[in-house]
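Single-structure report; data block below.
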Amino acid sequence: MNPLTRINPTELAPPTGFSHAVTATGGRLAFLAGQTALDGDGKVVGATLPEQFETALGNLLTALRAAGGAPSSLARITVYATDIADYRAHAPELGEIWRRLAGREYPAMAVIGATRLWDEQAMVELDGIAVLD
């Protein structure tokens, strides 16, 4: 049984690629550190935002699985992007990547513009909170 319930009030604009609210019942929390497009050698890979997003999301999901969770366990994700206009321009493609890697159950989510990330070549970073069964 999934301890999360996704809530999308009809009074709010329909969410696309996120949930307006997520409640959790029971379970353990997993706090997921920010993940960028680092490969196993610690080098940023990917020349485009979608390429980096796919690697960063894959890294986040790897950490989540190691903690005993699954994509459906995600309650909250924060995305930090160095170019919000580029992020918005690629939103349909980023949504496809999300659905392929994480499915169609969306966490509460925010996208925040950042001047730069820890790794200077990184264009995007994701962190999150998951509720484990």
Side-chain angles (χ1 to χ4, degrees):
M1 178 176 147
N2 190 336
L4 302 179
T5 301
R6 286 147 175 83
I7 301 165
N8 294 299
T10 58
E11 300 86 3
L12 298 177
T16 302
F18 69 95
S19 293
H20 282 292
V22 177
T23 61
T25 305
R28 294 178 300 126
L29 293 178
F31 296 90
L32 303 167
Q35 299 292 326
T36 60
L38 292 179
D39 65 10
D41 293 324
K43 295 185 174 104
V44 174
V45 295
T48 68
L49 177 67
E51 291 170 340
Q52 287 199 13
F53 181 86
E54 183 166 355
T55 301
L57 178 57
N59 290 345
L60 186 83
L61 295 175
T62 296
L64 175 60
R65 286 186 185 99
S72 62
S73 306
L74 291 167
R76 172 94 175 124
I77 293 284
T78 303
V79 178
Y80 304 91
T82 59
D83 186 338
I84 295 293
D86 192 32
Y87 190 94
R88 288 180 64 100
H90 286 97
E93 187 176 354
L94 300 177
E96 289 174 17
I97 293 166
W98 179 277
R99 288 186 295 279
R100 182 167 37 83
L101 296 181
R104 293 188 172 272
E105 292 189 55
Y106 298 106
M109 189 177 282
V111 178
I112 298 172
T115 304
R116 89 177 272 275
L117 301 170
W118 182 263
D119 297 301
E120 197 168 347
Q121 302 83 9
M123 298 175 206
V124 65
E125 182 169 339
L126 290 84
D127 70 17
I129 300 170
V131 180
L132 310 178
D133 293 333

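One is the number of the first residue; the rest follow in order along the sequence. Heavy atoms only: backbone and side chains are in, while hydrogens, waters and symmetry mates are out.
- There is no path of hydrophobic side-chain contacts, each under 4.5 Å, that joins Val45 to Leu101.
- Within the structure, the ring pair (Phe, Tyr, Trp, His ring centres under 6.0 Å) test picks out no pair touching residues 39-91 (sequence neighbours left out).
- Side-chain heavy atoms closer than 4.5 Å link hydrophobic residues (I, L, V, M, F, W, Y) into clusters, and following such links, possibly through other members, connects Leu32 to Val79.
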Extract all donor-acceptor atom pairs below 3.5 Å that involve side chains of residues 13-25 and protein atoms in other chains or at least two apart in sequence.
unit_1, atom_1, unit_2, atom_2, d
Ser19, OG, Tyr106, O, 2.7
His20, NE2, Ala13, O, 2.7

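- In this structure, CG in Asp39 is found 8.5 Å from OG1 in Thr55, a value given to the nearest 0.5 Å.
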Mind listing the side-chain donor-acceptor pairs of residues 62-77 below 3.5 Å, one per line with the distance, residues two or more places apart or on another chain?
unit_1, atom_1, unit_2, atom_2, d
Thr62, OG1, Gly58, O, 2.9
Ser73, OG, Ala70, N, 3.1
Ser73, OG, Ala70, O, 3.1

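- With sequence neighbours excluded, the residues forming a side-chain hydrogen bond (donor to acceptor under 3.5 Å, both in side chains) with Glu54 are Arg100, listed by chain and number.
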Exercise for the section: List the steps and the verdict of side chain to side chain contact (heavy atoms under 4.5 Å, CB included) for Leu29 and Leu132. Expected result: CA-CA 6 Å; Leu29 293 178; Leu132 310 178; over 6 Å; no
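- For Arg104, the salt bridge (charged side-chain N to carboxylate O under 4.0 Å, His left out) criterion is met by no residue, not counting sequence neighbours.
- Looking at Asp41, its side chain never comes within 3.5 Å of a backbone N or O of Lys43 through a donor-acceptor pair.
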Without placing hydrogens or testing angles, list every side-chain donor-acceptor pair under 3.5 Å for residues 109-127, not counting sequence neighbours.
unit_1, atom_1, unit_2, atom_2, d
Arg116, NH2, Trp118, O, 3.4
Asp119, OD2, Thr36, OG1, 3.4

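- In this structure, Ile97 and Leu57 approach most closely via the heavy-atom pair O-CD2, 4.4 Å.
- More than 12 heavy atoms of other residues, nucleotides or ligands sit less than 6.0 Å from atom CZ of Arg99.
- With values rounded to the nearest 0.5 angstrom, Ile7 atom CD1 is found 11.5 Å from Leu12 atom CG.
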